[in-house]
2 protein chains.
Amino acid sequence: MLNMGSTSQDVSAPEAEGPGPGLAAADRTTRARIRDAALRRFAASGVDATSVRAIAGDAGVSPGSVIHHFGSKDALRVACDEHVAALIREQKRTAMAAGAGLDPLAAFRTYEEGPPLLAYLARTLTDGSPHVAELIDEMVRDAVDYMAQGEASGLLQPSEDPHGRAAVLMLWSLGAVVLHEHAERLLGVDLLGDPAATERYSLPAMEILGRGIFTPEADEQLRERVTEAYHDETGGRS
Amino acid sequence: MLNMGSTSQDVSAPEAEGPGPGLAAADRTTRARIRDAALRRFAASGVDATSVRAIAGDAGVSPGSVIHHFGSKDALRVACDEHVAALIREQKRTAMAAGAGLDPLAAFRTYEEGPPLLAYLARTLTDGSPHVAELIDEMVRDAVDYMAQGEASGLLQPSEDPHGRAAVLMLWSLGAVVLHEHAERLLGVDLLGDPAATERYSLPAMEILGRGIFTPEADEQLRERVTEAYHDETGGRS
DNA sequence: ACGCTCGTTGAACGCTTGTTTAAGATGCTG
DNA sequence: CAGCATCTTAAACAAGCGTTCAACGAGCGT
């Protein structure tokens, strides 16, 4: 393991700026190798079930070296969170510059510069990382803006609650990714993998998002009943 | 701790058949108390992060007693899976007998005989329990049947892929529950709690499921483009 | 060549984990 | 009462955990 630069311990990130993606091969900085190994292990088995020794083994270093570079396992986890968040933000920026997608789902389809990224997100969405939460909030804000544009251009219907609609769609999309194991069993689709091979998921999803599932008459009845139930304070169903 | 029955170690379950719910208070069989304590701990902190000693402490017994009753921590986890699955099946049966709901979401709204049940489900949906997987499959099958009835009665639109539609709706509903933490932050709604106080989630959801999000013209264009892209084998977008 | 810093390591520490074990309590049965 | 089965516990066990530490080697400015 040679020292391949002037300073290889730099907390700020001058490393993920090359043309290639941030999750390359086996060389790179020791620190980056450890982080990438941790990313994959965390994504595959969860943070608690992953030992520092396993990460060190994958990265080809000693357990002490992992601690030396990140201070603690928890700090390593935070570094992974920040790195994934930064990578996704970058990806989102380039995807946005390349041209708009079709729906909020399309935004996620571009998140596959490698399965580990989505897999890590699917894991950490459920164990409460502040950085991931901030990232989700940001994505919802962007979705609101983006859907307002779609509404203005006649692509999307207007909504009584634009923020609520964007948030629910985001929850559904992310939720499906988190439950990718069940999606694979139920639909035979790998939501973490190739976005071109997800039609068994995206076709039903687009059918629902296209016309809804209720008949227009049932929708109207439902809407009346719900609004009156929520506005009537004396008693919904007890 | 007195012995409060003839036999208090019975693997088959003659305990969850009373009129009251299965998650009662502090007395009951020692075995049941341990299982319920484990259920709450597992739901709150995850299985890996929960120690046998913590469960024993909550149940008011020694760690050895936990192992004596269940054999191992993993077997205790399986027992929790089976118990939750049985409880949800029972709840589903009674809800189905009481009268049909409005949509697949409504089926979940009835799953709150106490937050721990849904919380446990939200946890274990992501760490691959075979029993939970079987339960989900079963719920999707029921949803297909139920939605076929809705379709026949003019409530729901027909679908090109009834199983796919039901599965996607199930993934979305369960996914939102799994991401309840983000739902709370984004929408101010507790999806694990009182089903009467979830309008900030269910109103946007019903708006989407009612009319969809795309305008009819955009939907038609989208449908054409997608089907031709998937049917054209020479090359989707490269 | 010196001193200095830094990356790296293997060994060890303290702690928690799940589980085992031997012993004691309790109630039922003969 | 004796015998038995069951429940329960405190104590101990081995294993694995995250982390610390002292030592070593390499690069580098002076």
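Sequence lines set the chain letters: A, B, ... in the order given, protein chains first and strands last, and positions in each chain run from 1. Atoms considered below: every heavy atom in the structure, side chains included; atoms not considered: hydrogens, waters and symmetry mates.
- As a whole-Å value, the separation of A:Arg77 CZ from D:dT19 C1' is 19 Å.
- Within residues 48-55 of chain B, the residues having any heavy atom under 4.0 Å from DNA chain C are, by residue number, B:Thr50, B:Ser51, B:Val52, B:Arg53.
- At whole-Å resolution of the value, CD1 in A:Ile34 and P in D:dT19 are 13 Å apart.
- A cation-pi geometry, defined here as NZ or CZ lying under 6.0 Å from the six-membered ring centre and within 45° of its normal, holds between A:Arg31 and A:Phe70.
- To the nearest 0.5 Å, atoms CZ (B:Arg35) and OG1 (B:Thr29) are separated by 8.5 Å.
- Whole-Å rounding puts the B:Arg31 CZ to D:dT6 P distance at 14 Å.
- Taking atom NZ of residue A:Lys73 and atom P of nucleotide D:dT19, one finds them 8 Å apart after rounding to whole Å.
- Closest of all the heavy-atom pairs between A:Ala37 and A:Asp58 is CB-CB, 3.8 Å.
- Contact annotation: A:His68 does not reach the phosphate of C:dT9 (side-chain N/O to OP1 or OP2, under 4.0 Å).
- Between A:Pro63 and B:Pro63, the residue whose closest nucleotide on DNA chain C is further toward the 5' end is A:Pro63.
- The distance between atom CZ of B:Phe70 and atom C1' of C:dG18, rounded to the nearest whole Å, is 16 Å.
- The residues A:Asp137 and A:Arg141 are annotated as not salt-bridged, no charged nitrogen and carboxylate oxygen being separated by less than 4.0 angstrom.
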Run A:Arg77 and A:Asp127 through salt bridge (Lys or Arg N to Asp or Glu O under 4.0 Å) and show every step you take. CA-CA 12 Å; A:Arg77 195 203 110 115; A:Asp127 37 44; 3.5 Å; yes
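- One can place CD1 of B:Ile67 at 15 Å from C1' of D:dC7, the figure rounded to the nearest angstrom.
- At least one side-chain heavy atom of B:Val177 sits less than 4.5 Å from a side-chain heavy atom of B:Leu192.
- Following rounding to the nearest Å, A:Arg41 (CZ) and D:dC17 (P) show an atom-to-atom distance of 11 Å.
- When distances run from any side-chain atom of A:Thr30 to the nucleotides D:dT19, C:dT8, D:dT9, the shortest one goes to C:dT8.
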